Amino acid sequence: MTSPTLTRRAFLPAGLALGSIAAGSAVAQNAPAALTTAPVSQLNLSPRLTMHAIDTHNGSPGAGMKVQLSKYDGDDLRVLRRFETNKGGRTDEPLLVDQSYQPGRYELLLQFEDYFAARGTQLPKPNFLSQVPVRFRITNPAERIHLAILFTPWGYSYYRGS
């Protein structure tokens, strides 16, 4: 009698099934409860634009980052405000709220080179990233937009939160 050949295709489903059985009881016991409400900080807040700068190079909030918020008018940019992030890497108030929170194309211009120079970070001259534009759209003024921006002297990423 010959034994069946065990192939990767035959083994993979069996391994996954056994693994889920073995882990099933532990996963079920340790699984977080479903989120049933929004975080307290978001309750009863009107639609708005907020941001959070996160310095992943130093592992800290991007405190003291100089930022400029602008809105596109056709192909031209109109500066709406300039500000500096607080010690938490956020702004003290929403960037846009109430009547100022309107559909359109926007840009945040972040001053990375100045930020890292103020912290004494050794950077090449000129630095790889100096001023970084983050461009986005507001299409539905009934929705909240929170821009989380993670950055180092050499790269950045951002995503839309709420």
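Quantities reported herein were computed from a predicted structural model and do not represent experimental measurements. Index from 1, following the sequence.
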Practice task
Drop me the distance from Arg48's CZ to Arg144's CZ, to the nearest 0.5 angstrom.
Solution key: 7.0 Å
Problem - Joint hydrophobic cluster, Val67 plus Val134, side-chain heavy atoms closer than 4.5 Å - result: yes
Fill in the blank from the handout: For residues 47-68, the ring pair (Phe, Tyr, Trp, His ring centres under 6.0 Å) pairs (sequence neighbours left out) are His57-Phe116, His57-Trp154
Practice task
Output yes when Glu143 and Arg160 qualify as a salt bridge under the 4.0 Å nitrogen-oxygen rule, no when they do not.
Solution key: yes
Handout entry: side chain to side chain donor-acceptor pair (under 3.5 Å) against Arg105, all qualifying residues, sequence neighbours excluded
Key = none
Handout entry: Tyr106 with Val97, same ILVMFWY side-chain cluster at under 4.5 Å
Key = no
Problem - Flag, side chain of Thr85 to backbone of Met65, donor-acceptor distance under 3.5 Å - result: yes
Handout entry: Side-chain donor/acceptor of Thr56 to backbone N/O of Gly59, under 3.5 Å
Key = no
Problem - Non-hydrogen side-chain atoms of Tyr101 and Ile145 separated by less than 4.5 Å - result: yes
Handout entry: Salt-bridge present (Lys66, Glu84; N to O < 4.0 Å)
Key = no
Problem - Within 6.0 Å of CD in Gln102, more than 12 heavy atoms from elsewhere - result: yes
Handout entry: Residues that Asp92 engages under side chain to side chain donor-acceptor pair (under 3.5 Å), provided they are two or more places apart
Key = Asn86
Problem - hydrophobic_cluster_shared for Tyr156 and Leu69, side chain cutoff 4.5 Å - result: yes
Practice task
Could you tell me whether the side chain of Leu147 reaches within less than 4.5 Å of the side chain of Thr50, counting heavy atoms only?
Solution key: no
Problem - Side-chain touch Leu110/Ile149, heavy atoms, less than 4.5 angstrom - result: yes
Exercise for the section: Find the distance between OH (Tyr115) and CG (Asn58) and round it off to the nearest 0.5 Å. Expected result: 6.0 Å
Problem - Residues forming a salt bridge (Lys or Arg N to Asp or Glu O under 4.0 Å) with Arg81, sequence neighbours excluded - result: Glu93
Problem - Between Tyr72 and Arg78, a side-chain donor and acceptor under 3.5 Å - result: no
Exercise for the section: Kindly indicate whether the side chain of Ile138, heavy atoms from C-beta on, has any atom under 4.5 Å from the side chain of Leu96. Expected result: yes
Anything under 3.5 Å between a donor and an acceptor, one on a side chain of residues 125-133, the other on a protein residue two or more places apart or in another chain? List them.
residue : atom : partner : partner atom : Å
Asn127  : ND2  : Leu129  : O            : 2.7
Ser130  : OG   : Glu113  : OE1          : 3.0
Gln131  : NE2  : Gln111  : OE1          : 3.2

Practice task
Check for a donor-acceptor pair, side chain of Asp73 on one end and backbone N or O of Asp76 on the other, with a separation under 3.5 Å.
Solution key: no
Handout entry: Validation row: Leu108, Phe136 side chains within 4.5 angstrom (heavy atoms)
Key = yes
Handout entry: Separation of Ser60 OG from Lys87 NZ (nearest 0.5 Å)
Key = 13.5 Å
Exercise for the section: Report the C-alpha separation of Asp98 and Ser46 in whole Å, then their side-chain angles, then the decisive distance to 0.1 Å, and conclude whether the side-chain contact (heavy atoms from CB on, under 4.5 Å) test is met. Expected result: CA-CA 7 Å; Asp98 299 326; Ser46 64; 3.7 Å; yes
Problem - Test item: Asn140 side-chain N/O and Ala142 main-chain N/O as donor-acceptor pair under 3.5 Å - result: yes
Practice task
Report yes if the side chains of Pro141 and Pro103 come closer than 4.5 Å at any heavy-atom pair, otherwise no.
Solution key: yes
Handout entry: Under the side chain to side chain donor-acceptor pair (under 3.5 Å) test, residues paired with Tyr158 that sit two or more places apart
Key = none
Problem - Sub-4.5 Å side-chain heavy-atom contact between Val79 and Gln68 - result: yes
